[in-house]
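Remarks on the structure that follows.
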Number of protein chains: 2
Amino acid sequence: MLIRLDLESNEPIYIQLRNQVVEGIAKKQLHPGEALPSVRSLAADIGINLHTVNKAYQQLKQEGFILIHRQKGVVINPDGVPQADEAYMNQLKFKLHPLISESISRGLSEKEFLEVCSDIFSDFNKGGEKYE
Amino acid sequence: MLIRLDLESNEPIYIQLRNQVVEGIAKKQLHPGEALPSVRSLAADIGINLHTVNKAYQQLKQEGFILIHRQKGVVINPDGVPQADEAYMNQLKFKLHPLISESISRGLSEKEFLEVCSDIFSDFNKGGEKYE
DNA sequence: TATCTGTTATACTTCAAATATAACAGATAG
DNA sequence: CTATCTGTTATATTTGAAGTATAACAGATA
């Protein structure tokens with residue numbers, strides 16, 4: 001599993017880390033039941049603090065993406081990822097709203113916007129980097 | 001112009017304010033050349049600090065959405081809003097990426113995702129609240 | 001027993017966000 | 001001329017999140 005972080009970004013490290021794991025699942029690079037590095041080893045690998053990794057793991061656990069066995073370690077949820085529910089759909093709309101708002105104000109058509117989305121979907125279906 | 005703010009949100013007030021103006025432009029509630037409240041009056045209306053409003057205005061100015069005449073006040077860019085360029089498209093993709101990533105991991109199909117986007121576009125075309 | 005795991009606790013630094021005052025300079029209305 | 005409006009700049013302070021640094025605990029395991 002390849003982890004890309006931008007330590008200069010205004011986006012918190014633990015959020016970037018959380019997103020990378022979700023992206024790994026979406027790209028089928030991480031499969032249900034697969035083990036993730038321990039908080040200590042991953043922190044050492046990336047060169048960040050143990051607690052920052054733990055914060056990302058805790059959020060992923062709370063969202064149902066991973067399970068944490070106290071001594072065994074961390075694994076991708078063997079039962080699969082929780083499917084989109086109403087709460088998630090509302091959250092998705094909430095996040096999309098300002099993006100679409102600005103696109104419209106900048107003269108982007110609905111068709112053009114949807115094409116951008118489709119292009120991004122293609123990146124996932126055509127299986128990007130599978131090396132780890 | 002109706003301003004809705006969530007002071008409890010983790011999203012900074014000045015960002016919310018900036019987004020509201022962009023949304024106003026997208027919804028055609030704010031037109032090129034139209035005046036916006038002064039930093040002091042808007043701050044007083046909303047009940048926040050002058051500098052917070054100023055921060056939002058400065059960003060909108062830097063992005064080309066508004067013009068600021070030193071003594072006249074603030075107006076929506078009379079020449080229209082800057083159209084989407086390559087830099088904006090890249091930024092848009094960057095923001096959409098994690099949203100699509102999570103949607104895929106949660107089993108949402110591309111079709112379903114695009115429909116969510118279309119629904120949001122509809123909200124803008126059918127002209128929401130025009131009262132101010 | 002030594003070592004791994006996640007977990008918890010405490011303390012500290014750094015930085016963005018937001019507020020609070022105050023003053024300045026230019027334009028304008030009285 | 002004067003008072004008042006505008007954005008702008010400066011300074012100081014408070015608050016909270018993010019991230020780091022250590023340390024210790026408890027359970028599992030080799």
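Order of the sequence lines sets the chain letters (A, B, ...), proteins ahead of strands, with each chain counted from 1. Because the structure is predicted, anything quoted here is derived from the model rather than measured.
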Q. Roughly, in whole Å, what's the span from CD in B:Glu11 to C1' in C:dA18?
A. 15 Å
Q: Assign each of B:Ile68 and A:Arg70 to its nearest nucleotide of DNA chain D by heavy atoms, then name whichever residue's nucleotide is nearer the 5' end.
A: B:Ile68
Q: Would you indicate what B:Gln58 reaches in the nucleic acid, counting non-hydrogen atoms under 4.0 angstrom: base, sugar-phosphate, or nothing?
A: sugar-phosphate
Q: Identify the 5'-most and 3'-most nucleotides of DNA chain D with at least one atom closer than 4.0 Å to a non-hydrogen atom of chain A.
A: D:dA18 to D:dA28
Q. CG of B:Leu50 versus C1' of C:dA20: gap in Å, rounded?
A. 10 Å
Q | Opposite nucleotide pairing with D:dA30, Watson-Crick or G-U, both atom distances under 3.5 Å | A | C:dT1
Q) Which heavy-atom pair separates B:Pro37 from B:Leu42 by the least distance, and what is that distance? A) CB-CB, 3.9 Å
**Q.** Base-pairing mate for D:dC1 - Watson-Crick or G-U, with both contacts under 3.5 Å
**A.** C:dG30
Q.
Testing the 3.5 Å rule here: is there a donor-acceptor pair between the side chains of B:Glu115 and B:Ser118?
A. no
(Q) Suppose the criterion is side-chain hydrogen bond (donor to acceptor under 3.5 Å, both in side chains): which pairs have a residue in residues 81-91 of chain A, not counting sequence neighbours? (A) A:Tyr88-B:Ser103
Q | For D:dT15, the Watson-Crick or wobble counterpart (both distances under 3.5 Å) | A | C:dA16
(Q) Checking side-chain polar atoms at under 3.5 Å, does B:Glu102 have a donor or acceptor matched by the opposite partner on B:Ser105? (A) no
